[in-house]
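Every chain is numbered from 1 and lettered A, B, ... according to where its sequence line falls, protein lines coming before strand lines. Predicted model only: the values in this text are computed from it and were never measured.
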Protein chains: 4
Amino acid sequence: MTSSTPTRDRIIDAAMRLFGENGYRGTSVAQIERAAGLTPGAGGLYHHFRTKEAVLRAGIERNLSRLDALRDIRRLLGNLGDLRAELTLSARYVLAELDDEQELLRIMASEARSRPEIVEDAVQQLVHTTYTEFTAWLRDSAGVPQERAAAVASVGLGALFSSRMMSGLLRVPSVGVDDEIFVATWVEMMYRLLSPR
Amino acid sequence: MTSSTPTRDRIIDAAMRLFGENGYRGTSVAQIERAAGLTPGAGGLYHHFRTKEAVLRAGIERNLSRLDALRDIRRLLGNLGDLRAELTLSARYVLAELDDEQELLRIMASEARSRPEIVEDAVQQLVHTTYTEFTAWLRDSAGVPQERAAAVASVGLGALFSSRMMSGLLRVPSVGVDDEIFVATWVEMMYRLLSPR
Amino acid sequence: MTSSTPTRDRIIDAAMRLFGENGYRGTSVAQIERAAGLTPGAGGLYHHFRTKEAVLRAGIERNLSRLDALRDIRRLLGNLGDLRAELTLSARYVLAELDDEQELLRIMASEARSRPEIVEDAVQQLVHTTYTEFTAWLRDSAGVPQERAAAVASVGLGALFSSRMMSGLLRVPSVGVDDEIFVATWVEMMYRLLSPR
Amino acid sequence: MTSSTPTRDRIIDAAMRLFGENGYRGTSVAQIERAAGLTPGAGGLYHHFRTKEAVLRAGIERNLSRLDALRDIRRLLGNLGDLRAELTLSARYVLAELDDEQELLRIMASEARSRPEIVEDAVQQLVHTTYTEFTAWLRDSAGVPQERAAAVASVGLGALFSSRMMSGLLRVPSVGVDDEIFVATWVEMMYRLLSPR
DNA sequence: AATGAATGAGCTTTCATTCAT
DNA sequence: GATGAATGAAAGCTCATTCAT
């Protein structure tokens with residue numbers, strides 16, 4: 001239950017936006033302070049966080065809780081009985097989740113090598129959880145045997161992740177394919193892969 | 001035609017390795033000099049490059065030429081007449097290419113936002129070229145209609161890219177699926193998607 | 001007549017202890033507040049003192065008054081008629097006084113150069129008074145001619161001061177000589193020096 | 001064999017003077033740089049020392065080597081055969097040594113509590129060595145039994161140290177006694193203390 | 001009387017870059 | 001071509017002090 005004051009929140013907001021835009025190292029404490037409405041360079045940030053890194057940690061945590069909340073809601077939505085419809089929903093869910101967390105994704109990618117401890121947990125929750133859940137769904141709802149489910153999840157989710165990583169990390173503006181068509185193609189692909197024969 | 005001396009090359013080697021490990025900002029000119037066998041902090045690097053950024057530019061360029069050369073060789077390998085075999089080869093090519101360019105991929109991901117001008121070209125060559133070629137192959141060799149080919153390429157290559165971005169950018173140790181099985185699943189998926197009905 | 005409230009006193013106590021331990025500059029207002037039971041960094045100290053330096057001044061003053069009171073009591077103790085006994089008593093008095101004021105001594109030593117105005121008075125009272133009194137005693141009770149008394153006091157008290165300055169200022173653990181023996185030697189030395197021939 | 005360049009030496013000179021005047025904490029790196037002829041705040045100091053503390057360490061070491069050299073010379077001066085003359089010489093030696101090392105003495109006193117590791121060695125050499133040598137001299141040349149020698153050294157050297165600590169540390173301008181007379185009194189005192197009866 | 005929050009000024013340290021040798 | 005030395009600028013962080021509540 002991390003304490004939450006208006007200024008503290010504004011600092012996290014500003015910091016995460018700037019970290020996403022310019023990277024952690026590329027963002028100075030003074031910049032964060034300015035963006036949070038404090039006097040830049042006066043160290044006002046340090047009344048709310050012990051170090052700059054603590055801001056990053058708090059920001060990642062906050063994003064992850066938001067993600068958790070999101071997932072809880074999604075879990076409520078039950079089965080539709082129709083494989084195509086459920087694949088379409090899954091694809092949209094995952095893409096929406098990634099769109100929400102572009103900022104986090106970018107920060108994770110640029111800081112993964114310099115601050116592994118911090119990022120590890122975030123990756124675990126953002127990536128692994130999605131894989132695990134999708135694998136379980138493949139097994140339980142689509143009747144894919146466990147050993148195959150992992151491989152199918154890896155290929156299937158990989159395609160979805162990739163689409164957002166391209167634009168989010170590498171700034172490749174989508175890859176020229178419309179989202180609707182992309183999802184439709186993905187669903188078709190998964191559907192055929194999961195169908196017998 | 002940038003001149004190439006042993007020291008200059010050693011500087012690029014050292015710089016690209018360090019940029020990949022610690023990021024551009026996380027690597028000091030002194031570190032590069034030390035790793036290149038020069039006296040750290042003495043500014044020897046500046047006899048070969050005007051700025052630190054010029055080293056990055058030169059490094060990216062060198063990696064891209066290497067990539068070009070690679071692609072030329074690959075183009076020589078003709079058709080096999082068997083769709084499954086050709087899909088398998090394609091997958092392995094793309095993965096190998098990405099494995100070769102992990103360093104570049106990492107640098108591009110962490111610098112894409114702060115240095116878009118430099119990275120743009122690299123992305124174009126590393127990503128777009130692959131997409132374009134694969135789309136053309138889908139159209140010409142697998143008989144996929146142009147409008148569909150782009151979407152299929154996006155999904156198909158996405159899955160491959162994702163597998164390497166996970167480990168390369170996010171440090172997710174593969175996602176637990178063996179490479180052989182991953183490729184086999186991908187081939188199966190593409191094969192079914194490309195087969196009529 | 002500086003007003004005295006419980007909090008004010010707690011601040012002085014805490015401050016003098018911390019000043020003695022870490023030096024004036026090495027002690028932050030926040031540390032003093034924390035040690036005094038106030039919220040660190042909230043500036044509660046400033047309801048009792050105008051500046052950090054005012055705390056130091058008040059602390060030194062308070063220690064000096066305590067010293068004055070001590071001396072008044074000591075003055076009541078009259079002559080013993082025996083030179084050796086009186087020398088022994090004198091030595092013990094001076095050493096006890098210095099032991100009481102180790103904190104003050106340390107602060108004075110570390111701040112003497114940066115804050116001469118404040119320290120001057122304290123030194124005057126702690127050192128000069130002792131010298132003056134001892135010189136007077138030498139003259140009046142031990143029959144030493146005035147001009148010689150000053151030199152004898154300087155040598156004699158110097159030895160005593162030194163013993164406490166070593167441990168108090170330089171952290172030399174005594175200099176390996178037991179206090180009892182040290183006093184006995186000092187008394188013997190003074191006795192012989194004061195005896196005719 | 002610590003490397004020695006003109007700038008490096010100037011930095012140590014400037015730093016030790018400033019440390020002595022304003023204390024370690026009271027001296028900023030920029031001040032040292034300015035006093036050493038470098039641009040203040042440009043960090044030129046860091047081309048010669050890794051940290052500010054390293055400057056202090058180097059400075060203390062340099063002073064101690066100077067002291068060592070001094071002591072070696074003194075050791076050459078043999079016996080005079082006359083106790084009074086030798087006592088006078090000893091007193092003057094010790095006082096001269098302390099006068100030379102006022103700076104070191106001040107730094108040691110103000111930093112003893114905050115950087116004990118660094119100061120310990122210096123104290124050992126400046127204080128203990130003097131005590132040990134004087135004790136040995138008392139035993140060997142003045143014929144004082146070992147157990148008594150330590151106590152006599154403690155009292156005798158204490159008086160000398162005190163005289164310089166007063167002016168050096170507490171800024172008490174001598175204590176009003178002329179140096180000649182002080183030494184004469186000290187010699188008389190030691191002479192009587194060492195004479196039989 | 002006490003606190004949460006803020007600020008101006010300062011600190012030590014890092015670093016890309018320049019230049020005389 | 002390489003080096004030792006220097007520098008301007010900026011970084012992260014600390015701190016004495018103020019003030020509205």
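When each of D:G44 and C:R10 is assigned the nucleotide of DNA chain E with its nearest heavy atom, C:R10 is the one assigned upstream, toward the 5' end. Along DNA chain E, the nucleotide closest to C:H48 and the one closest to A:T5 are compared, and the more 5′ of them pairs with C:H48. Each of A:T27 and C:G26 was matched to the nucleotide of DNA chain F holding its nearest heavy atom; the match closer to the 5' end belongs to A:T27. Between D:A42 and C:V29, the residue anchored closer to the 5' end of DNA chain F is D:A42, taking for each the nucleotide with the nearest heavy atom.
Geometric assessment of A:K52 against the ring of A:Y24 yields a positive cation-pi assignment under the 6.0 Å and 45° thresholds.
E:dC15 atom P lies 16 Å from atom CG of D:L45, rounded to whole Å. Across the protein-nucleic acid pair, B:E33 atom CD and E:dT17 atom P stand 11 Å apart, rounded to whole Å. In this structure, A:F49 places its CZ atom 16 Å from C1' of E:dA6, rounding to the nearest Å. Atom pair A:N22:CG and F:dA11:C1' shows a separation of 15 Å (rounding to whole Å applied). In this structure, C:E53 places its CD atom 14 Å from C1' of F:dT17, rounding to the nearest Å. Atom-to-atom, CD1 of C:I11 to P of E:dT3 comes out at 11 Å; the value is rounded to the nearest Å. To the nearest angstrom, P of E:dT13 lies 10 Å from CD1 of D:I32. Atom pair D:Q31:CD and E:dT13:C1' shows a separation of 17 Å (rounding to whole Å applied).
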- prompt: Can B:R115 and B:E53 be said to form a salt bridge (Lys or Arg N to Asp or Glu O under 4.0 Å), step by step?
  reply: CA-CA 9 Å; B:R115 249 156 276 280; B:E53 192 173 309; 3.1 Å; yes
message: Run D:N63 and D:E101 through side-chain hydrogen bond (donor to acceptor under 3.5 Å, both in side chains) and show every step you take.
response: CA-CA 8 Å; D:N63 275 36; D:E101 302 300 330; 3.1 Å; yes
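Judged by distance alone with a 3.5 Å cut-off, no donor-acceptor contact links the side chain of A:H47 to the base of F:dT14.
Listed candidates were F:dT3, E:dT17, F:dA16. Nearest to the side chain of B:T39 is F:dT3. Across E:dT13, E:dT3, E:dA2, the shortest atom-to-atom separation from the side chain of D:K52 is found for E:dT13. For B:Y46, the side-chain atoms get nearest to E:dA16 when compared with the rest of E:dT14, F:dG4, E:dA16.
In this structure, E:dG4 and F:dC19 make a Watson-Crick or G-U wobble pair, each of the two defining distances being under 3.5 angstrom. In this entry F:dG12 has E:dC11 as its Watson-Crick or G-U wobble partner, both defining distances falling under 3.5 Å.
Salt-bridge formation is not detected for the pair B:E103/B:R17: no Lys NZ or Arg NE/NH1/NH2 atom is positioned less than 4.0 Å from an Asp or Glu carboxylate oxygen. The residues C:D13 and C:R8 are annotated as not salt-bridged, no charged nitrogen and carboxylate oxygen being separated by less than 4.0 angstrom.
Using a 4.0 Å heavy-atom cutoff across all strands shown, A:L38 reaches sugar-phosphate atoms only and no base atom.
The phosphate of E:dA5 has neither OP1 nor OP2 within less than 4.0 Å of any side-chain N or O from A:T7.
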